[in-house]
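Working notes, beginning with the structure itself.
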Amino acid sequence: MCADTVDVRPAMKINEVISEGATMTAAYKDKEKGYWTYPKDYSNDKDVEAPYMSNATTRDVMMTLGLDPDFEETPPMPIAQFINITTQWLKANIGKRSDAEEPEVTKEPGSATMVSGGRPEGYFNQIIMRLNQVARKTQEKYPDLTHIYFA
């Protein structure tokens with residue numbers, strides 16, 4: 001365990017603060033302090049930086065992997081388990097690119113036109129591959145980090 005750590009205990013519930021998106025973070029449980037943390041050098045390491053996704057996209061990725069989409073309330077998962085889940089999904093989808101999704105356009109009289117969603121063909125294949133690669137690299141580079149979570 002590293003003495004130079006960052007406290008990542010949640011200060012508030014998600015409904016108490018607006019959060020626009022999430023990313024995968026690795027951590028270990030500090031047995032003395034009782035909370036999840038990671039070394040400061042990890043938080044600035046571009047080599048193990050996971051993609052940043054909107055909350056909706058994070059939920060879609062979680063559901064695609066068969067995981068609980070309520071990531072704000074889901075406890076950290078062992079990194080090896082996450083690597084296994086993503087590897088199995090990637091193997092099962094070799095040669096099967098995820099479908100493209102067209103953006104949704106909402107036009108209400110008297111209000112702004114809203115454009116949301118839309119993903120290119122193979123988006124889930126690409127994002128799940130990237131998450132798998134980052135988890136593997138993190139496990140290799142920071143063996144003390146035992147779990148991942150999305151926040």
Side-chain angles (χ1 to χ4, degrees), residues 5-30 35-39 41-108 111-151:
T5 61
V6 177
D7 181 351
V8 293
R9 291 179 289 181
M12 298 181 233
K13 291 207 177 270
I14 192 65
N15 62 354
E16 296 171 311
V17 64
I18 296 173
S19 182
E20 297 295 326
T23 190
M24 181 178 71
T25 302
Y28 68 90
K29 186 134 189 191
D30 186 311
Y35 56 81
W36 294 97
T37 188
Y38 51 81
D41 60 331
Y42 163 77
S43 64
N44 296 319
D45 190 341
K46 298 290 183 199
D47 213 22
V48 292
E49 186 174 72
Y52 185 78
M53 302 172 283
S54 71
N55 287 344
T57 297
T58 302
R59 289 182 212 297
D60 289 345
V61 169
M62 302 301 270
M63 286 188 294
T64 298
L65 291 170
L67 300 172
D68 185 353
D70 189 13
F71 64 89
E72 297 97 332
E73 302 298 327
T74 302
M77 164 188 292
I79 197 166
Q81 181 182 356
F82 183 77
I83 290 169
N84 287 338
I85 289 169
T86 54
T87 299
Q88 291 305 312
W89 188 91
L90 291 165
K91 284 181 179 179
N93 288 280
I94 290 175
K96 301 178 203 167
R97 295 174 56 82
S98 58
D99 293 335
E101 295 177 19
E102 294 299 319
E104 294 179 25
V105 179
T106 306
K107 293 181 181 182
E108 295 291 330
S111 65
T113 299
M114 304 295 288
V115 180
S116 63
R119 294 186 181 108
E121 180 183 13
Y123 175 80
F124 286 107
N125 305 75
Q126 292 170 12
I127 199 80
I128 291 169
M129 174 62 88
R130 181 70 184 128
L131 292 170
N132 180 281
Q133 291 168 337
V134 170
R136 287 175 185 275
K137 184 83 162 190
T138 300
Q139 188 179 48
E140 175 186 314
K141 200 168 180 181
Y142 298 95
D144 288 347
L145 299 178
T146 58
H147 288 67
I148 61 100
Y149 63 95
F150 289 82

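Position 1 is the first residue of the sequence; numbering continues from there.
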Nearest heavy-atom neighbours spanning Ala135 and Phe82: CB-CD2, 4.0 Å
So do Met53 and Arg59 actually touch side chain to side chain, heavy atoms under 4.5 Å? no
Donor-acceptor pair, distance only, cut-off 3.5 Å: does the side chain of Thr23 make one with the backbone of Ala50? yes
Taking the side chain as C-beta and beyond, is there a heavy-atom pair between Thr87 and Arg136 under 4.5 Å? yes
Donor-acceptor side-chain pairing of Arg119 and Thr57 below 3.5 angstrom: yes
More than 12 heavy atoms of other residues, nucleotides or ligands under 6.0 Å from CE of Met62: yes or no? yes
Is there a side-chain contact between Asn132 and Trp89, using heavy atoms and a 4.5 Å cut-off? no
If I compare all heavy atoms of Tyr38 with all of Tyr28, which pair ends up nearest, and what's the gap? CA-CE2, 4.2 Å
For Phe150 and Thr74, what are the C-alpha separation, side-chain angles and deciding distance, and is it a side-chain contact (heavy atoms from CB on, under 4.5 Å)? CA-CA 9 Å; Phe150 289 82; Thr74 302; over 6 Å; no
Are any non-hydrogen side-chain atoms of Asn93 and Phe124 less than 4.5 angstrom apart? no
Measure across Tyr149 and Pro76 and return the closest heavy-atom pair with its distance rounded to 0.1 Å. CB-CA, 4.1 Å
Check the surroundings of atom CE in Met63: do more than 12 heavy atoms from other residues, nucleotides or ligands lie under 6.0 Å from it? yes
One should read off an interatomic distance between Met114 CE and Glu104 CD, to the nearest 0.5 angstrom, of 11.5 Å
Looking at every non-hydrogen atom in both residues, tell me the closest pair between Leu145 and Pro39 and how far apart they are. CD2-CD, 3.7 Å
Under 4.5 Å between any side-chain heavy atoms of Met129 and Asn125, yes or no? no
Would a distance-only check, ignoring hydrogens and angles, find a side-chain to backbone donor-acceptor pair under 3.5 Å from Tyr42 to Tyr142? no
Closest approach of Asn55 to Ala22 (non-hydrogen atoms, all atoms of both residues): OD1-N, 3.9 Å
Is the shortest side-chain N to carboxylate O distance from Glu49 to Lys137 below 4.0 Å? no
Let me confirm one number: the OG1-CE distance from Thr58 to Met24, rounded to the nearest 0.5 Å. 11.0 Å
Short question: side chain of Thr86, backbone of Ile128 - any donor-acceptor pair under 3.5 Å? no
Does Leu67 reach the side chain of Met77, with side-chain heavy atoms less than 4.5 Å apart? yes
Any side-chain heavy-atom pair from Tyr123 and Glu101 closer than 4.5 angstrom? no
Using only atom types and a distance under 3.5 Å, with no angle test, would you say the side chain of Ser54 pairs donor to acceptor with the backbone of Gly21? no
Which pair of heavy atoms, one from Ile85 and one from Leu65, lies closest together, and at what distance? CG2-O, 3.7 Å
